[in-house]
Protein chains: 2
Amino acid sequence: MLKLEDMAKKIEEFKNEKEIFLEHIQKAGLRRTAQRDLILEIFLRTEEHLTSEDLYWLVQKEDPSVGHTTVYRTLKLLTEAGLAREVRFGDNKTYYEHHYNHEHHDHIICTECGKVVEFFSPEIESMQDAVAHKFGFIPTHHSLRLWGVCEDCQHKANESHPTMASGAQPRVRVKTIAGN
Amino acid sequence: MLKLEDMAKKIEEFKNEKEIFLEHIQKAGLRRTAQRDLILEIFLRTEEHLTSEDLYWLVQKEDPSVGHTTVYRTLKLLTEAGLAREVRFGDNKTYYEHHYNHEHHDHIICTECGKVVEFFSPEIESMQDAVAHKFGFIPTHHSLRLWGVCEDCQHKANESHPTMASGAQPRVRVKTIAGN
DNA sequence: CCGATTATTGAAACGGTTTTCATTAAAAGA
DNA sequence: TCTTTTAATGAAAACCGTTTCAATAATCGG
Ligand SMILES: [Mn+2]
Ligand SMILES: [Mn+2]
Ligand SMILES: [Zn+2]
Ligand SMILES: [Zn+2]
């Protein structure tokens with residue numbers, strides 16, 4: 001696929017997400033504002049897992065008058081609208097990721113280096129629903145996180161002794177093939 | 001089983017947990033203190049999901065000189081020792097529950113009333129391990145939480161219209177039969 | 001038992017998230 | 001357009017969880 005076509009496709013997607021946002025705004029009796037438009041725009045450009053603070057600084061570059069609180073609230077709003085999803089990896093920060101047009105997935109996190117791998121297991125998903133129903137619940141959502149030592153870190157442990165253990169390593173987002 | 005026998009069994013269990021704690025303390029080159037003994041004692045008496053703050057107030061009644069921080073740190077220590085486990089239910093609080101002599105379990109949380117049901121699914125557990133290995137990880141631990149609407153709240157929704165939605169309802173711990 | 005060493009303690013500071021509140025501005029109607 | 005209504009905004013405070021740091025106390029060697 002050509003790069004131009006990629007970009008065109010992205011623009012199409014963004015339009016859809018913006019429409020969904022406006023629809024949600026209307027249904028909930030909320031108001032469209034310049035801040036919300038800008039925050040959504042910048043959120044859509046960024047495919048990474050990012051925190052409210054991360055997004056705040058990106059927004060800041062384009063409009064320094066926007067406050068932390070508005071970014072925070074808009075991310076909540078996007079989550080309600082189904083465009084974003086909150087995820088936590090155990091470092092006491094809340095990250096947001098795209099939800100619309102992105103397959104649902106769960107995460108495996110390396111306890112040594114913080115690497116995050118995304119996966120999807122239809123089998124686990126359906127068993128979760130079965131368990132919920134078994135206890136009389138109508139399931140709405142779930143959170144599944146696995147922790148372990150990644151392949152790289154297993155090798156590192158064998159080589160050198162001064163293991164870096166758990167410092168403030170950056171979290172890496174690794175694209176993976178879905179399925180189990 | 002007689003009540004006396006129950007109590008005797010509990011006391012036995014406590015003794016085991018105290019021994020495990022002391023062993024962990026020794027192995028890690030830590031020190032036994034009056035505060036840690038008291039905090040463990042009171043933690044063991046309480047079967048509920050409780051926060052560091054909750055436990056702090058219980059401790060406070062017996063020794064007002066103990067600080068928040070020590071309770072917080074001792075709970076972390078108990079978690080390391082395998083006696084406690086951290087759990088979160090989405091209300092931005094960290095709860096602790098007994099781990100030793102308590103089967104591992106995950107939680108279903110009602111989005112309407114906050115009720116928490118404990119369950120265990122060996123099938124899901126083994127699939128989690130399979131997924132981890134598939135991506136080259138050696139699994140260490142996991143967190144699985146399901147959310148949904150409980151049976152009671154499904155009925156409530158049908159009866160009266162002014163649904164209480166999500167206020168600050170107390171979390172109820174419901175004992176359940178393990179298995180899937 | 002005493003002194004040296006070093007883990008532990010509690011207060012206070014810190015960091016990220018969430019709420020509060022006075023002000024601003026979007027939306028709807030006259 | 002002008003007015004009225006009421007949601008949205010941003011600063012600051014509140015809230016939990018975690019870290020820092022100086023003072024304290026458990027452990028060990030002599
Ligand atoms: Mn993800
Ligand atoms: Mn539990
Ligand atoms: Zn790793
Ligand atoms: Zn319920």
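Lettering follows sequence order; numbering is per chain, from 1. Model, not experiment: these values are computed from the prediction.
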Any donor-acceptor N/O pair under 3.5 Å between D:dG17 base and B:Arg73 side chain = no

Could you tell me whether the side chain of B:Arg36 has a donor or acceptor atom within less than 3.5 Å of a complementary atom in the base of C:dT8?
-> no

What is the distance, rounded to the nearest whole Å, between atom [atom1] of [X] and atom [atom2] of [N]?
X	N	atom1	atom2	answer
B:Tyr56	D:dT18	OH	P	18 Å
B:Leu38	D:dA25	CG	C1'	17 Å
A:Ile39	D:dA8	CD1	P	12 Å
A:Gln35	D:dT9	CD	P	5 Å
B:Tyr96	D:dC16	OH	P	15 Å
B:Leu75	D:dC16	CG	P	16 Å
B:Asp91	C:dT19	CG	C1'	16 Å
B:Lys93	D:dA14	NZ	P	18 Å

Identify whether any heavy atom of A:Thr51 sits under 4.0 Å from a base atom; if not, whether one sits that close to sugar-phosphate; answer base, sugar-phosphate or nothing.
-> nothing

When we call it a touch if two heavy atoms are under 4.0 Å apart, what does B:Ser65 touch: a base, just sugar-phosphate, or nothing?
-> sugar-phosphate

Comparing A:Arg88 with B:Ile25, nearest DNA chain C nucleotide closer to 5' gives the residue B:Ile25

Which residue lies toward the 5' end of DNA chain C, A:Arg32 or A:Glu86, if each is placed at its nearest nucleotide?
-> A:Glu86

Would you please indicate yes or no on a ring centroid separation below 6.0 angstrom for B:His104 and B:His142?
-> yes

With nearest nucleotides of DNA chain D determined for A:Thr69 and B:Glu53 from heavy-atom distances, which residue corresponds to the more 5′ nucleotide?
-> A:Thr69

At under 4.0 Å, does any side-chain N or O of [X] touch on OP1 or OP2 of [N]?
X	N	value
B:Asn92	D:dC15	no
B:Thr33	C:dT8	no
A:Lys76	C:dT17	no
B:Thr94	D:dG17	yes

Can you name the residues that form a salt bridge (Lys or Arg N to Asp or Glu O under 4.0 Å) with A:Arg85, not counting sequence neighbours?
-> A:Glu97

Taking the side chain of [X] as its heavy atoms from C-beta onward, which of [options] lies nearest to it?
X	options	answer
A:Val66	D:dG10, C:dA26, D:dT27	D:dG10
A:Tyr72	D:dT19, C:dT9, C:dT18	C:dT18
B:Leu30	C:dG10, C:dT8, D:dA8	C:dT8

Apply side-chain hydrogen bond (donor to acceptor under 3.5 Å, both in side chains) to B:Thr74 and B:Arg36, showing your working.
-> CA-CA 6 Å; B:Thr74 302; B:Arg36 285 174 175 171; 4.7 Å; no

Testing A:Trp147, A:Phe89, A:Phe119 for ring pair (Phe, Tyr, Trp, His ring centres under 6.0 Å) with A:His107, which one passes?
-> A:Phe89

With a 4.5 Å limit on heavy-atom distance, are the side chains of B:Ile25 and B:Leu77 in contact?
-> yes

Can any side-chain N or O of B:Arg145 pair as donor or acceptor with the backbone N or O of B:Arg88 at less than 3.5 Å?
-> yes

